[in-house]
Amino acid sequence: MPKLLLITASSAEIRTVRRSRFLNFQQITMPYLAARVPSHWRVIHIDEEAEEVNRNLEADVVGITFHTPSAYHAYDLAAHFRSRGACVAMGGPHVTLLPEEASQHADVVFIGEAEGLWEEFLMGFEAGEYRRTYRQTGVPSLKDVPMACKALFHRNDHTSGVLFATRGCPNRCDFCAIAVLYPNGLRKRPVAEVAAEYASFQGKVIIFWDDNIAGDRGYAKDLFRAITPYGKWWSSQASIHVGQDDELLEAAARSGCKQLFLGLESISQRSMAEVHKGFNRVEEYARTIERIHAHGIAVQAGIVFGFDHDTPEIFKDTLDFLEQTGVQNATFNILTPYPGTPLFRRLEAEGRILTKDWRKYNSRTEIVYQPKRLSRSELLAGFSYANERFYSLLSVAKRLSRSPVQLWWTLPLNLAYCASLKAARLHQGTGLLTVGIAARGR
Ligand code: SF4
């Protein structure tokens, strides 16, 4: 029986940076890939967010997926398992963004989405004939996607319900790796198949691991209607467009949507224009948040600091705005130009990339490019200020007192974030902290 070890790699540094996160969701790439492995293989999955890799494990094939800041750690794991005779296959965001680099550390690399190619590789491996590079040149169908292998999930608590309905995004924001990883825009699984997987989870709470759940409003409405009968609660990421359609919001609320991660990014319209996200109309933010709240849905704002139009005032102005609008949660990031994105190319052409040490591309503790209207220390201090102020008890009181969304779960969630921020401060001895839900690939 051939043995397959799947690793969702996460370096020690990244785990430390994320230590203050109250919620770390189950990663699903490997459980979905595992569902495509022939049944005679023995499959183990290690998600390093949840447990250490046992380096003594024996495997014929080791598959590793990782994001940019964990690249060197993933290469170290690869070297270790190759030295033990395993065939190491790598894929995922960083490999797709920088395949030449990754291929120096692996026996096999997957560029782009692995569906179809993954099965081809496993068959080839058993036959003793496989390629060094599997590059996705087609557009894999999202019909008949096998349900993720729940036996390989590490979290069996309330967050264990994770799945995806769509892949990619119709937009093309310069700083976002999603558009590079999924160049074919937004693709959708059949609604009935998504609803069946949604219904298959025992837990009440479901996370749609989509990049933009409302990227196609018609599809989203159909999906929300299809999952309504199951009476679960769910959350996902969405672009600002979600708040411009009351029918969509009503369908979302009725189906159990409790919170949306909204990519607001900045309260500076010039910053939004600068990164080709001008469809985010800053003057409409407050009204959009109000409309979402009116449907009983909480807002988690995704905020990025460090755009070229950001000045030292941006931090206080942003926090004032978030408190005035009663936003329930927020994730703050330092602008990070991931390799392969238009933003990276522009900053590199301008001579503003300061390092290509991928460990520093964590969006939380390092500035990897030269900002324009802020010094690097101002940016770091402003980022720290934003986290500290947003999750201070005073801010929680201000925001939630203005929030029409029920307190019975938004208040405990905020208090948990406050406690987790405090714990991280004690652990790290630094104010450079992170609080919030991961925004995949951003
Ligand atoms: S930032 Fe959001 S809206 Fe823009 S491309 Fe990425 S996922 Fe789409």
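Atoms within each ligand, like the ligands themselves, are counted from 1 in listed order. For clarity, every value in this text was computed on a predicted model and none was experimentally measured. We count residues from 1, following the sequence as given.
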Quiz item: Is ligand 1 under 4.0 Å from a heavy atom in the side chain of N171, in the backbone, in both, or in neither?
Solution: both
Quiz item: What do you reckon, are the aromatic ring centroids of F208 and F164 less than 6.0 Å apart?
Solution: no
Quiz item: Is the NZ or CZ atom of K150 positioned over F201's six-membered ring, under 6.0 angstrom from the centre and within 45° of the axis?
Solution: yes
Quiz prompt | Contact partition for Q237 relative to ligand 1, non-hydrogen atoms under 4.0 Å | solution = neither
Exercise. Describe, in one word, how the ring planes of W118 and F110 are oriented to each other, choosing from parallel (under 30°), tilted (30 to 60°) and perpendicular (over 60°).
Key: perpendicular
Quiz prompt | ligand 1 contact on C169 by region, counting heavy-atom pairs under 4.0 Å | solution = side chain
Quiz item: Is atom CD of E283 surrounded by more than 12 heavy atoms (other residues, nucleotides or ligands) closer than 6.0 Å?
Solution: yes
Quiz prompt | Backbone or side-chain N/O/S of C173 under 2.8 Å of atom 4 (Fe) of ligand 1 | solution = yes
